[in-house]
There are 2 protein chains.
Amino acid sequence: MVTQEQIEDFILNGHKEYVPHVSLDCAIFGYHEQQLKLLLIKHKAVFGWCLPGGYIKRTEKLVEAAARNVKERTGVDNLFLQQFKTFGDPNRAKFDEFDEEKWGQILGVKVSRNNWLIDQTISVGFYSITDFSRTVLQPDMMSIDCEWFDIDNLPALEFDHDEMVREALHTMRIHLYHYPIGYNMLPEKFTLTEIHALYETLLGKKLDISNFPKKLIALGLLIKLDEKRSIGPHRSPHLYSFDKERYDEALKNGVVLS
Amino acid sequence: MVTQEQIEDFILNGHKEYVPHVSLDCAIFGYHEQQLKLLLIKHKAVFGWCLPGGYIKRTEKLVEAAARNVKERTGVDNLFLQQFKTFGDPNRAKFDEFDEEKWGQILGVKVSRNNWLIDQTISVGFYSITDFSRTVLQPDMMSIDCEWFDIDNLPALEFDHDEMVREALHTMRIHLYHYPIGYNMLPEKFTLTEIHALYETLLGKKLDISNFPKKLIALGLLIKLDEKRSIGPHRSPHLYSFDKERYDEALKNGVVLS
DNA sequence: ACAAAAGTGTTCGATCTACACCCATGT
DNA sequence: ACATGGGTGTAGATCGAACACTTTTGT
């Protein structure tokens, strides 16, 4: 739980702990049962929906700050996390509309026009993907809500976050062909149909079911287990798991999937 | 020419004009006659070689700041310019080794320990490519030298710039397959051998001469002209030029070359 | 036996690669 | 005519999309 003192300390003294003028924003994609969602937060003071984001501690690497941020919002650790672009247009935040009075009322502390939070900020964009059913959402101290939205039905976002989402989605979909994916989104043991559905959902398009697994199996990323799953009056599908060693190597060196 | 007053003003008041804590560094690749070079500057105060870089004016977009920087160092405008990664490790600049005395002597103005230039900085990396024979080099106010180095024979670089160069080269080579390239590196009219040599040099590997141009021509990026060039006792090669319209479209939407 | 879903196999065409070979040019 | 670099053509291998077909399962 965040106390009022913590909020005040962050607003008044945050620039000592964090690097001013630099922030990061995370497009956290959530997958579960063929649905693709995006995590958004509702900011206390500007009212609208935004990507979750935060500041970088002076002791942190960028990716560590992003991981901390994702962990705080979702409770989930160790995600696939990728920088996709850095945003720095001078008018991206529209601070000329800043209302000192309003911010003071809402946050319970006077935020002056020259507060470090109201100054020009360059933001580093990260994206990550997780299974949204495993997450426990938690708004940050500057927001009042934190929810999953269907990717095809997003509200208009504050700042330049619409553009960020477009770029994140674009980069994520390119990466799908160059990195293995799914380790955190599928159960330990899964069927080909399940991983096929995952790829289709993330890519937002159909993939031929019969051609799809060939490459993954040929690359040795998938291990066929000696187990099947019973799914009622139908043929029982084989279970597969990832070959973690090859998976991690593919994460590091990249692969080509079609 | 940069005057001593300008240097002092930049050091003492630069944080009003520029966004503090954020910089950019440019890996400027230079090509000419099958040689690939990289532009480096020699910093006045830390002595070693670095990538050229600078700060972002509070009125500038990131890419505008990068373009200004490249223009200042090389005199060249309108280059292919791409963000490749943002760097923010807390110890990337090693300011714990900062020597107030030394900096003061070298720069002719007292640089205090809490000067904005000595504080933690996140740097946005850009790369670009140009024909190095057309450039007119110019060190910046903080450097004493500015030179092209052969890409295979670079000195050790200051800060995290070795890593930046690796990442820039890697990204540039991936982009070669997804964007057209050469508009600023080749004469208005050029032969297939010339553009072939350009690609081989940038990629650092051999490409089959006979297969290479087919894709470019099939995509309509190249226009075969009704002219030839006389090259002594050999068959006269055809001249080609870029179809600027298709070229620009390919720049925007991307292409696939093999 | 059947419906439904899993999984396999095969064909066709596009594309890439390697390499042989022909062409043009000035001396 | 010949040496040299420019340029073309083609056979074989590889890859990927499409789709028909077979297998498995519980009722």
Side-chain angles (χ1 to χ4, degrees), chain A residues 33-34 173-174 176-178 180 182 186-187 189-201 203-242 250 254-258, chain B residues 33-34 173-174 176-178 180 182 186-187 189-201 203-242 250 254-258:
Chain A
E33 288 180 355
Q34 302 179 51
R173 284 177 172 166
I174 288 173
L176 273 187
Y177 291 103
H178 299 281
L186 294 170
K189 302 168 180 180
F190 51 87
T191 68
L192 292 183
T193 306
E194 286 169 337
I195 190 172
H196 175 243
L198 168 66
Y199 270 81
E200 280 196 342
T201 306
L203 286 172
K205 69 179 186 187
K206 290 283 169 206
L207 294 174
D208 188 295
I209 176 70
S210 91
N211 299 317
F212 168 76
K214 289 173 186 167
K215 201 73 177 264
L216 287 175
I217 293 170
L219 285 166
L221 288 174
L222 296 186
I223 299 173
K224 191 172 191 167
L225 302 175
D226 273 342
E227 288 178 71
K228 298 185 179 190
R229 172 188 296 166
S230 184
I231 53 160
H234 308 300
R235 179 171 179 172
S236 308
H238 273 99
L239 290 174
Y240 289 76
S241 67
F242 287 109
V255 288
V256 178
L257 300 175
S258 155
Chain B
E33 288 179 353
Q34 301 179 50
R173 285 175 172 167
I174 289 173
L176 274 187
Y177 291 103
H178 299 281
L186 293 170
K189 302 167 180 180
F190 50 87
T191 68
L192 292 183
T193 305
E194 286 170 336
I195 191 172
H196 175 243
L198 168 66
Y199 270 81
E200 280 196 341
T201 305
L203 286 172
K205 68 179 186 187
K206 290 285 171 206
L207 294 175
D208 187 296
I209 177 68
S210 91
N211 299 318
F212 167 75
K214 289 173 187 167
K215 201 73 177 267
L216 287 175
I217 293 170
L219 285 165
L221 289 173
L222 296 186
I223 300 173
K224 192 174 192 166
L225 303 174
D226 272 342
E227 287 178 73
K228 298 185 177 189
R229 173 188 296 167
S230 186
I231 52 159
H234 310 300
R235 179 172 180 171
S236 308
H238 273 99
L239 289 174
Y240 289 77
S241 68
F242 287 110
V255 288
V256 179
L257 301 174
S258 154

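Remember, predicted model here, so these are calculated numbers, not experimental data.
When rounded to the nearest whole Å, the span between NZ of B/K206 and P of C/dA18 equals 14 Å. C/dA18 atom C1' lies 14 Å from atom CG of B/L207, rounded to whole Å. Following rounding to the nearest Å, A/I217 (CD1) and C/dG9 (P) show an atom-to-atom distance of 12 Å. Straight-line distance from the CG atom of B/L219 to the P atom of C/dT15: 11 Å, rounded to whole Å. Whole-Å rounding puts the A/K228 NZ to D/dG26 C1' distance at 14 Å. Separating the CD atom of B/E194 from the C1' atom of D/dG6 is a distance of 12 Å, rounded to the nearest angstrom. The distance between atom CD1 of B/I195 and atom C1' of D/dG6, rounded to the nearest whole Å, is 16 Å. Note: CD1 (A/I231) to P (D/dT27) measures 13 Å, nearest angstrom.
Residue A/V255 comes nearest to A/A250 through the heavy atom pair CG1-CB, 3.5 Å, listed as atom of the first residue, atom of the second, then distance. Residues B/S230 and B/S236 share a closest heavy-atom pair of CA-OG, 4.2 Å.
Not a single donor-acceptor contact under 3.5 angstrom links the side-chain atoms of B/H234 to the base of C/dT25.
Between B/L198 and B/F190, every side-chain heavy-atom pair lies at or beyond the 4.5 Å cut-off.
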Report summary line: Each nucleotide of nucleotides 8-18 of chain D classed B (base within 4.0 Å of a protein heavy atom), S (only sugar-phosphate) or -, in 5' to 3' order, makes BBB-----SBB

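In this structure, A/H238 reaches the C/dG7 phosphate: one of its side-chain N or O atoms is under 4.0 Å from OP1 or OP2.
For B/T191, the side chain to side chain contact (heavy atoms under 4.5 Å, CB included) criterion is met by B/T193, B/E194, B/R229, B/P237, B/L239, not counting sequence neighbours.
Residue order along DNA chain C, read from the 5' end via each residue's closest nucleotide, puts A/P233 first among A/T193 and A/P233.
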Report task. Determine, step by step, whether B/L192 and B/Y240 satisfy the side chain to side chain contact (heavy atoms under 4.5 Å, CB included) criterion, reporting the C-alpha distance in whole Å, the side-chain angles of both residues, the deciding distance to 0.1 Å, and the verdict. Result -> CA-CA 7 Å; B/L192 292 183; B/Y240 289 77; 3.4 Å; yes

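Atom NE2 of B/H196 sits about 9.5 Å away from atom CD of B/Q34, to the nearest 0.5 Å.
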Which side-chain N or O atoms in residues 203-228 of chain A pair as donor and acceptor under 3.5 Å with protein atoms at least two apart or in another chain?
| unit_1 | atom_1 | unit_2 | atom_2 | d |
| --- | --- | --- | --- | --- |
| A/K205 | NZ | A/Y177 | OH | 3.4 |
| A/D208 | OD1 | A/S210 | N | 2.7 |
| A/D208 | OD1 | A/S210 | OG | 3.1 |
| A/D208 | OD1 | A/N211 | N | 3.3 |
| A/N211 | OD1 | A/K214 | NZ | 3.3 |
| A/E227 | OE1 | A/K189 | NZ | 3.4 |
| A/E227 | OE2 | A/K189 | NZ | 2.8 |

